[in-house]
Amino acid sequence: MSRIEALLAARQFVVPQRSGDYLYFISDLNGRLSLYRMLLAGSVPEPLLPPNIALQTPHHMDGKSFVVLAEYNQIVVMIDQDGDENYQPMRIPLTGGFPELIFGDQFAGMQTNLAKIDLKTGIGYLTASSRTRPEFSGYQINVLENSATLLATAAEGPFYATSSPDQQTILTVDAYGIGDTVVYRQQLGSTDRSVIFGTPMEQRTTPIEPNGMGFAEWVNDDYALFSTSLFDDCYSLALLRLDGSQSLDAVSIEGLVHTGQGEFDRLTKLSEQRYLIGYNIDGCSWCYEAELDLENKRMLVSKVLCGQAPLDNGVLESIAYDSDSDSFALSFSTAIAPTQLFTIKPNQELQQHTNERVLGIPVEHLSAGEDASFNSHDGLRISARLYRPAPALGYEGPRPLVYYIHGGPQGQERPDFAWFSMPLIQFLALKGFAVFVPNVRGSSGYGFNYMNQVTHDWGGQDRLDHVHAMTNVLSNDPLIDTKRAGVMGRSYGGFMTLTLVGRHPELWKAGIDMFGPYDLHTFSARVPETWKAYMATQVGDPVTEADFLVERSPKTYIHNLACPLLVTQGANDPRVIEQESREVVHELQALGKNVDYLLFSDEGHDVLKYANKVTCYNRITDFFSQYL
């Protein structure tokens with residue numbers, strides 16, 4: 001009999017950085033995510049933080065988890081408190097130790113996101129978001145001097161984009177919504193910013209086409225290189241003039257070898273004209289080294305770093321360049337292989353530094369998944385994967401179905417063993433369930449237009465994609481028993497789970513909501529202050545669109561629930577606070593419904609600690625086993 005401990009025996013190894021003779025990385029070797037290092041030549045990993053400190057999963061962080069400053073014998077690490085996401089910049093010695101606040105209590109009670117630190121100068125950039133006011137503040141920091149210089153404060157930014165090599169000119173971005181951005185330029189020492197691309201909200205007289213400006217790197221005093229959706233819906237590169245002329249020139253990318261559908265999703269400057277570029281193709285990662293031909297506005301691919309065997313059919317969790325050794329450190333996993341640490345030398349020699357595996361389960365018993373994409377009710381192609389029990393397990397007859405919905409909604413379910421869902425999917429498949437994982441409209445990974453279709457339409461066309469999949473696609477599969485179907489989802493996926501069991505109760509025999517919004521009015525009022533303007537445009541304005549939010553709230557339909565429901569929540573969740581889930585449970589109990597509540601006192605918007613994962617995965621699987 002398979003145990004979830006067998007899958008969780010494969011520890012995570014993520015966000016590696018090479019420095020000198022060592023690899024530094026985050027792992028859950030002690031049952032919670034923490035910071036380690038080991039010799040490149042091979043050694044037992046050394047813990048660098050006290051065992052009681054738990055780091056956040058890098059999947060949830062907008063910025064760096066840590067930065068190694070070997071020249072100055074220190075590591076900067078971002079630490080929160082059991083998932084509250086109030087990351088604070090802290091310092092430990094290179095060999096590890098007890099973390100100390102770098103800036104004292106300057107950012108106490110705030111969430112700070114670390115965008116960059118220059119390894120040679122200790123100068124970097126972070127954004128601090130207030131929990132009590134709707135504003136962000138951008139800073140240039142110097143961790144060697146323990147100083148933070150304010151760049152600007154605004155309700156929509158500023159978010160660091162890139163800066164000149166001397167750190168005197170900084171480009172920042174304000175974001176009004178998904179893809180709706182304005183790029184500013186400013187000089188260090190002044191809080192005045194000048195627009196170099198886009199139109200600030202206060203200057204708009206007509207609707208503005210979103211520009212999708214994203215990753216950025218400084219080219220020279222005349223240009224910055226940006227990713228944008230203006231020339232390709234699936235994003236591409238463009239050169240932005242820095243003179244304020246709002247001139248943006250497309251940059252062609254030549255020499256790509258991948259095929260399939262997906263997005264440009266990675267840009268890192270390596271040296272003067274060398275860049276790292278990446279793609280998410282059908283959920284799998286491709287990564288290249290390329291040279292910028294500035295005169296002809298071309299990016300010329302020179303090497304394939306990821307996407308071909310053995311780094312194929314999986315997810316590049318992270319990749320970091322070490323200029324001293326001219327090498328890369330990366331973390332990679334697939335649906336059936338846990339995260340492993342690798343380095344790539346200048347001659348492209350690939351060296352694997354870990355050998356994580358699930359414990360006692362033959363690889364032929366795991367499910368690699370199959371493409372299950374379909375055309376929805378209006379003809380739109382929906383990407384999806386179906387994980388059936390492996391043939392070696394010997395299951396016969398149609399399998400009960402677990403319908404799994406990712407969060408976001410601008411997220412994507414990928415073959416990523418570092419993410420919460422993949423060990424769960426494998427465990428469910430081992431237990432005989434078929435697990436269907438759709439990336440319906442609103443998901444990232446398929447272009448800006450596809451992702452933008454959920455804007456101001458939570459519970460609209462996205463809901464109908466799920467209903468169509470159940471009634472017109474999966475119901476036609478003779479190896480799936482849709483009369484024994486359960487639905488589950490996390491965050492936005494929890495919202496959709498609550499929506500589906502309330503509005504389409506006939507489809508489900510069981511449901512699991514993991515920290516999902518229940519009442520869009522209370523949810524909008526309870527999110528962090530800096531989220532509220534964004535939520536008004538993306539979900540609905542609680543003042544001017546009160547009726548719309550009622551119509552789209554799961555609360556409006558939850559009385560129709562006709563199946564058992566399990567609600568899971570972290571007590572420290574700052575995104576969907578515990579009260580939101582508690583109210584679901586209390587209301588259903590008052591209605592006499594079959595509802596259970598699983599609350600973790602030391603988790604936030606996830607379940608990260610080993611003991612909690614064991615409890616959570618077992619509870620989910622036992623719940624579906626009982627009712628399906």
A.B. asks: Does Glu583 pair with Arg526 as a salt bridge, N-O distance under 4.0 Å?
C.D. replies: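 Salt bridge between Glu583 and Arg526, a charged N being under 4.0 Å from a carboxylate O: yes.
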
A.B. asks: Roughly how far apart are Leu561 CG and Leu498 CG, rounded to 0.5 Å?
C.D. replies: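 Rounded to the nearest 0.5 Å, the CG-CG separation comes out at 9.0 Å.
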
A.B. asks: Is the distance between the ring centroids of Phe548 and His456 less than 6.0 Å?
C.D. replies: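 So the answer is yes for these two rings.
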
A.B. asks: Hey, does the side chain of Gln168 reach the backbone of Gln187 with a donor-acceptor pair shorter than 3.5 angstrom?
C.D. replies: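 A pair under 3.5 Å: no.
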
A.B. asks: Centres of the Phe159 and Phe136 rings: under 6.0 Å?
C.D. replies: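 Centroid distance Phe159-Phe136: below 6.0 Å, so yes.
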
A.B. asks: Any side-chain to backbone donor/acceptor pair from Glu578 onto Asp573? Under 3.5 Å, distance only.
C.D. replies: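 Flag not set: sc Glu578 to bb Asp573 has no pair under 3.5 Å.
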
A.B. asks: Tell me, do Leu386 and Val435 make a side-chain contact under 4.5 Å, heavy atoms counted?
C.D. replies: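 The answer is no, as the side chains (C-beta and beyond) never meet within the 4.5 Å cut-off.
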
A.B. asks: Count the heavy atoms belonging to other residues, nucleotides or ligands that lie under 6.0 Å from CG of Asp105, then report whether that count exceeds 12.
C.D. replies: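 Count not over threshold, so no.
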
A.B. asks: Do Asn211 and Thr181 have side-chain atoms, one donor and one acceptor, less than 3.5 Å apart?
C.D. replies: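 Short answer, yes.
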
A.B. asks: Passes side chain to side chain contact (heavy atoms under 4.5 Å, CB included), Leu126 versus Asn113? Steps please.
C.D. replies: CA-CA 5 Å; Leu126 63 77; Asn113 292 302; over 6 Å; no

A.B. asks: Is it the case that the side chains of Tyr176 and Glu156 hold a donor-acceptor pair, with the cut-off being a distance below 3.5 Å and no angle test?
C.D. replies: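 Checked: Glu156/Tyr176 side chains show no N/O donor-acceptor pair below 3.5 Å.
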
A.B. asks: Taking Ser376 for the side chain and Asp378 for the main chain, is one N or O donor matched with an acceptor at less than 3.5 Å?
C.D. replies: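 Pair absent, no side-chain N/O of Ser376 close to backbone of Asp378.
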
A.B. asks: Just so I know, are the side chains of Ile123 and Gln140 near enough to count as touching, which here means a heavy-atom distance under 4.5 Å?
C.D. replies: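 They are in contact (side-chain heavy atoms under 4.5 Å apart), so the answer is yes.
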
A.B. asks: Between the side chain of Thr162 and the main-chain N/O of Trp218, is any donor-acceptor distance below 3.5 Å?
C.D. replies: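 Here the side-chain-to-backbone pair exists.
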
A.B. asks: Apply the test side chain to side chain contact (heavy atoms under 4.5 Å, CB included) to residues Leu239 and Leu225: give CA-CA distance (whole Å), side-chain angles for both, the deciding distance (0.1 Å), then the verdict.
C.D. replies: CA-CA 5 Å; Leu239 285 164; Leu225 191 63; 3.8 Å; yes

A.B. asks: Does some side-chain heavy atom of Leu565 sit less than 4.5 Å from a side-chain heavy atom of Leu588?
C.D. replies: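 The answer is yes; the side chains approach within 4.5 Å.
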
A.B. asks: Got a donor-acceptor contact below 3.5 angstrom from the Lys297 side chain to the Ser252 backbone?
C.D. replies: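 No, Lys297 side chain to Ser252 backbone: no donor-acceptor pair under 3.5 Å.
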
A.B. asks: Could you tell me if the side chain of Phe495 sits less than 4.5 Å from the side chain of Val576, heavy atoms only?
C.D. replies: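 No. Closest side-chain heavy atoms not under 4.5 Å.
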
A.B. asks: I want to check a possible cation-pi pair here: Arg503 against Trp508, using under 6.0 Å from ring centre and within 45° of the ring axis as the test.
C.D. replies: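 Pair Arg503/Trp508 does not count as cation-pi.
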
A.B. asks: What I'd like to find out is whether the side chain of Tyr184 reaches to under 4.5 Å of the side chain of Ile170, using heavy atoms alone.
C.D. replies: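 Not touching, per the 4.5 Å side-chain cut-off.
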
A.B. asks: What's the spacing between Arg552 CZ and Asp519 CG if we round to 0.5 Å?
C.D. replies: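 Rounded to the nearest 0.5 Å, the CZ-CG separation comes to 15.0 Å.
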
A.B. asks: Spell out, as yes or no, whether a donor-acceptor pair under 3.5 Å connects the side chain of Tyr87 to the backbone of Met110.
C.D. replies: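 Flag not set: sc Tyr87 to bb Met110 has no pair under 3.5 Å.
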
A.B. asks: Centre of Phe515's six-membered ring, under 6.0 Å away, within 45 degrees of the axis: is that where NZ or CZ of Arg575 sits?
C.D. replies: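 Judged by the rule (NZ or CZ under 6.0 Å from the ring centre, within 45° of its axis), Arg575 is not positioned above Phe515.
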
A.B. asks: When rounded to the nearest 0.5 angstrom, what is the spacing between CD in Gln56 and CG in Asp82?
C.D. replies: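 Answer rounded to 0.5 Å: 10.0 Å.
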
A.B. asks: Begin with the C-alpha distance, continue with both residues' side-chain angles, and end with the deciding distance and a verdict on side chain to side chain donor-acceptor pair (under 3.5 Å) for His521 and Ser553.
C.D. replies: CA-CA 8 Å; His521 274 285; Ser553 289; over 6 Å; no

A.B. asks: Would you say Thr268's side chain and Leu276's backbone share a donor-acceptor pair under 3.5 angstrom?
C.D. replies: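 Here the side-chain-to-backbone pair does not exist.
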
A.B. asks: I'd like to know if the side chain of Ser130 pairs up with that of Glu135 as donor and acceptor (distance under 3.5 Å, no hydrogens or angles considered).
C.D. replies: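 Not at all, the side chains of Ser130 and Glu135 share no donor-acceptor pair under 3.5 Å.
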
A.B. asks: Answer yes or no: is there a donor N or O on one side and an acceptor on the other, between the side chain of Glu413 and the main chain of Ile405, under 3.5 Å?
C.D. replies: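 The answer is no, because no donor-acceptor pair under 3.5 Å joins these two groups.
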
A.B. asks: Yes or no on side chain to side chain contact (heavy atoms under 4.5 Å, CB included) for Asn375 and Leu380, after CA distance, side-chain angles and deciding distance?
C.D. replies: CA-CA 5 Å; Asn375 292 328; Leu380 181 68; over 6 Å; no

A.B. asks: Mind telling me whether His60 and His605 have parallel, tilted or perpendicular rings, with 30° and 60° as the class edges?
C.D. replies: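 The rings of His605 and His60 sit tilted, inter-plane angle from 30° to 60°.
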
A.B. asks: Would a 4.5 Å heavy-atom cut-off, applied to side chains only, mark Leu248 and Phe197 as touching?
C.D. replies: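 With C-beta onward as the side chain, the pair touches.
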
A.B. asks: Taking all atoms of both residues into account, what is the closest heavy-atom pair of Met78 and Pro89, and its distance?
C.D. replies: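 Closest pair (atom of Met78, atom of Pro89, distance): SD-CA, 3.7 Å.
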
A.B. asks: What I want to check is whether the side chains of Asp602 and Asn612 have a donor and an acceptor closer together than 3.5 Å.
C.D. replies: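 Checked: Asp602/Asn612 side chains pair up, N/O donor to acceptor below 3.5 Å.
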
A.B. asks: Does one side chain, of Asp416 or His59, offer a donor that lies under 3.5 Å from an acceptor on the other?
C.D. replies: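 Present: a donor and an acceptor within the cut-off.
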
A.B. asks: Which of parallel (below 30°), tilted (30 to 60°) and perpendicular (above 60°) describes Tyr403 and His466?
C.D. replies: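 Tyr403 vs His466 ring planes: perpendicular.
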
A.B. asks: Are Arg131 and Glu529 close enough, and set up right, to give a salt bridge (Lys or Arg N to Asp or Glu O under 4.0 Å), and what steps lead you there?
C.D. replies: CA-CA 6 Å; Arg131 294 304 199 187; Glu529 289 297 319; over 6 Å; no

A.B. asks: Please test Ser383 against Arg381 for side chain to side chain contact (heavy atoms under 4.5 Å, CB included), starting from the C-alpha separation and ending with a verdict.
C.D. replies: CA-CA 7 Å; Ser383 174; Arg381 178 186 181 272; 4.0 Å; yes

A.B. asks: Parallel under 30°, tilted from 30 to 60°, perpendicular over 60°: which one fits the rings of Phe448 and Tyr235?
C.D. replies: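 Perpendicular.
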
A.B. asks: If we ignore angles and hydrogens, is there a donor and acceptor under 3.5 Å between the side chains of Gln412 and Tyr446?
C.D. replies: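 Judged by distance alone, the side chains do pair up.
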
A.B. asks: Decide if the gap between the ring center of Tyr139 and the ring center of Phe107 is smaller than 6.0 angstrom.
C.D. replies: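 Yes: the rings meet the under 6.0 Å criterion.
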
A.B. asks: To check you understand the geometry: which heavy-atom pair defines the closest contact between Pro517 and Pro554, and what is its length?
C.D. replies: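 Smallest interatomic distance, heavy atoms only, reads O-CG, 3.8 Å.
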
A.B. asks: For Glu263 and Arg414, what are the C-alpha separation, side-chain angles and deciding distance, and is it a salt bridge (Lys or Arg N to Asp or Glu O under 4.0 Å)?
C.D. replies: CA-CA 13 Å; Glu263 290 181 352; Arg414 306 176 68 184; over 6 Å; no

A.B. asks: Could you work out, with salt bridge (Lys or Arg N to Asp or Glu O under 4.0 Å) as the rule, every residue matching Asp462, not counting sequence neighbours?
C.D. replies: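 Listed in chain order: nothing, the list is empty.
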
A.B. asks: Between Thr568 and Met514, is there a donor-acceptor pair closer than 3.5 Å when you use the side chain of the first and the backbone of the second?
C.D. replies: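 No; judged by distance alone, with no hydrogens or angles, the pair does not exist.
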
A.B. asks: Taking Tyr160 for the side chain and Ser163 for the main chain, is one N or O donor matched with an acceptor at less than 3.5 Å?
C.D. replies: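 Here the side-chain-to-backbone pair exists.
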
A.B. asks: At what distance, to the nearest 0.5 angstrom, does CG of Asn86 lie from CG of Asp84?
C.D. replies: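 The CG atom of Asp84 is 4.5 Å from CG of Asn86, to the nearest 0.5 Å.
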
A.B. asks: Output, in order, the C-alpha distance, side-chain angles, deciding distance and verdict of side chain to side chain donor-acceptor pair (under 3.5 Å) for His559 and Glu587.
C.D. replies: CA-CA 9 Å; His559 62 277; Glu587 182 159 342; over 6 Å; no

A.B. asks: Any side-chain heavy atom of Phe66 sitting closer than 4.5 Å to one from Leu114?
C.D. replies: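 No. Closest side-chain heavy atoms not under 4.5 Å.
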
A.B. asks: What I'd like to find out is whether the side chain of Ser581 reaches to under 4.5 Å of the side chain of Tyr518, using heavy atoms alone.
C.D. replies: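 Sidechains of Tyr518 and Ser581: no contact.
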
A.B. asks: CG of Leu188 to CG of Leu151: how many Å apart, nearest 0.5 Å?
C.D. replies: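 Separation between the atoms: 7.0 Å.
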
A.B. asks: Any salt bridge (Lys or Arg N to Asp or Glu O under 4.0 Å) involving residues 188-216? Give me the pairs, sequence neighbours left out, ordered by first then second residue.
C.D. replies: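 Residue pairs passing salt bridge (Lys or Arg N to Asp or Glu O under 4.0 Å), neighbours aside: Asp174-Arg193, Asp180-Arg204.
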
A.B. asks: Rounded to the nearest 0.5 Å, what's the gap from CG on Asn452 to CG on Asp233? Could you check?
C.D. replies: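 Rounded to the nearest 0.5 Å, the CG-CG separation comes out at 9.5 Å.
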
A.B. asks: Side-chain donor-acceptor pair under 3.5 Å between Glu217 and Tyr223, yes or no?
C.D. replies: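 No - no donor-acceptor pair under 3.5 Å links their side chains.
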
A.B. asks: Dump the intermediate steps for side chain to side chain donor-acceptor pair (under 3.5 Å) on Glu580 and Thr522, then the final yes or no.
C.D. replies: CA-CA 8 Å; Glu580 189 82 7; Thr522 58; 3.0 Å; yes

